[in-house]
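Order of the sequence lines fixes the chain letters, A, B, ..., with proteins taken first and strands second; residue numbering starts at 1 for each chain.
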Protein chains: 2
Amino acid sequence: MELAEAKQKFIDTWGRLGSEWGINRTMAQVHALLLVSPDPLSAEEVMSQLSISRGNANMTLRDLISWGLVEKQHRPGERKEYFFADKDAWNIARQVAKERKKRELEPMLRVLNELAEVEGDSKDPHFKTFQSSVKDIRALAQNANKTIDTMVRAEENWFWSTFFKLFK
Amino acid sequence: MELAEAKQKFIDTWGRLGSEWGINRTMAQVHALLLVSPDPLSAEEVMSQLSISRGNANMTLRDLISWGLVEKQHRPGERKEYFFADKDAWNIARQVAKERKKRELEPMLRVLNELAEVEGDSKDPHFKTFQSSVKDIRALAQNANKTIDTMVRAEENWFWSTFFKLFK
DNA sequence: TTTAACTTTCAAAAAGTTTTGAAAGTTAAA
DNA sequence: TTTAACTTTCAAAACTTTTTGAAAGTTAAA
């Protein structure tokens, strides 16, 4: 397989994975493109390499920056901005976990906490099932939350050497 | 808050979470409905409680069964089938992790393995960046894969006793 | 300043996904 | 076997999300 073909396959695969996990396909593709680029790319280069519009490239790059996966670079004497992706897989995983926790897990936990407080007739099977399902799922979510906290705080070395041992 | 209102909120929240994570909103809502139902429900009941069509209810229930989250129950002397959700949060998490691993992680790993084999000029920065990004992400994916394997094999007790102690 | 090289916005269009419901299929009981 | 109670299918419609591109906005350099 040629490098160009392999890059394309990587971009497509990363894009598919993203969309299966609720992340905009184009955003994942732009991320993949930057992951395999040794140097920062301009918006123009992203547009032409992925055949996407200027508006789309702009929004997507801003999203990637807000996810903490990409940063802008400025070159002296040039108006153009360049975009560069953090290439460290563990940083990427941490960053994504951190953002999704903030955007999705925490809001859900707030609702679950509220629902766990709902009072009712403890003889009513409907109430009993509701309460135990909610509390059980809440415990799971709290646990996920805590695990992500630990993950976010962890150093790379700690992660590769210690964390996965638990699961071996 | 009334129980009925709380149930509705639970169903909506679970539905939203599902769609943020690439799981059909209705499927997540049907799952939530069954999670708070002490008894199995018929397709008819699911349809009317969530105001969805017969076709949608049927497909969604079959999907939930294929995810291992719901099972059909048959009552002697009745044609109708009833649907019942496993209420155990740890089983649910394991089941979802197992299915997503099979449906998404493993196919991606196959592509990454293939891409990690691509040969090229090790003096070329494009090739070097490609190779190291692919290998690094592959290592992460392999770790995730292994972690899920362990999770799937783990007993409930192991999980609850090791992780959830603080929250009970 | 002014200019022009760039970035950002956003309404409309396109693409993708989900839902509907009527018709076809299935099967348990009579 | 026939019937009718139920389940399944799938093409078309509705809905949701993403993308486009032209216009507006910004700003560094001349």
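Among the heavy atoms of the strands, none lies under 4.0 Å from B:T60. Within 4.0 Å of A:S19, counting heavy atoms only, lies no atom of the nucleic acid at all. Contacts of B:E44 with the nucleic acid, taken as non-hydrogen atoms under 4.0 Å apart, are absent.
When side chains are defined from C-beta on, A:M59 does not count as touching A:D63, because their heavy atoms never get closer than 4.5 Å.
Relative ring orientation between A:H31 and A:W14 is described as tilted, the plane-to-plane angle lying within the 30° to 60° band.
Residue B:E81 has its side chain nearest to D:dT7 when only D:dT7, D:dT19, C:dT7 are considered. The side chain of B:S53 lies closest to C:dT19, out of D:dT19, C:dT19, D:dA28.
Between the A:K72 side chain and the A:R62 main chain, no donor and acceptor come within less than 3.5 Å of each other.
For B:M59 and D:dT7, the CE to P distance is 16 Å, given to the nearest whole Å. At whole-Å resolution of the value, CZ in A:R79 and P in D:dA30 are 12 Å apart. Summarising the geometry, the separation between CG on B:D63 and C1' on C:dT17 is reported as 13 Å, rounded to the nearest angstrom. Rounded to an integer number of Å, the gap from NE2 of A:H74 to P of C:dC6 is 11 Å. A:R62 has its CZ atom 16 Å from the P atom of D:dT18, to the nearest Å. Atom CD in B:Q29 sits about 13 Å away from atom P in C:dT18, given to the nearest Å. With rounding to whole Å, A:N58 atom CG is found 13 Å from D:dT19 atom C1'. One can place NZ of B:K72 at 10 Å from P of C:dT27, the figure rounded to the nearest angstrom.
Across all strands shown, C:dA24 forms a Watson-Crick or G-U wobble pair with D:dT7, both key distances being under 3.5 Å. Pair check for D:dA29 finds C:dT2; Watson-Crick or G-U wobble, both atom distances under 3.5 Å. Taking a pair to require two hydrogen-bonding distances under 3.5 Å in either a Watson-Crick or a G-U wobble arrangement, D:dT19 pairs with C:dA12.
Contact of A:R25 with D:dT18 (side chain to base): no donor-acceptor pair of N or O atoms is detected under 3.5 Å.
Along DNA chain C, the nucleotide closest to A:E78 and the one closest to B:A57 are compared, and the more 5′ of them pairs with A:E78. Between B:A43 and A:R54, the residue anchored nearer the 5' end of DNA chain D, judged by the nucleotide with its closest heavy atom, is B:A43.
Not one side-chain nitrogen or oxygen of A:N56 sits closer than 4.0 Å to the OP1 or OP2 atom of D:dG21.
A cation-pi geometry, defined here as NZ or CZ lying under 6.0 Å from the six-membered ring centre and within 45° of its normal, does not hold between B:K123 and B:F127.
Taking CG of A:D88 as the reference point, atom OG of B:S132 lies at 9.5 Å (rounded to 0.5 Å).
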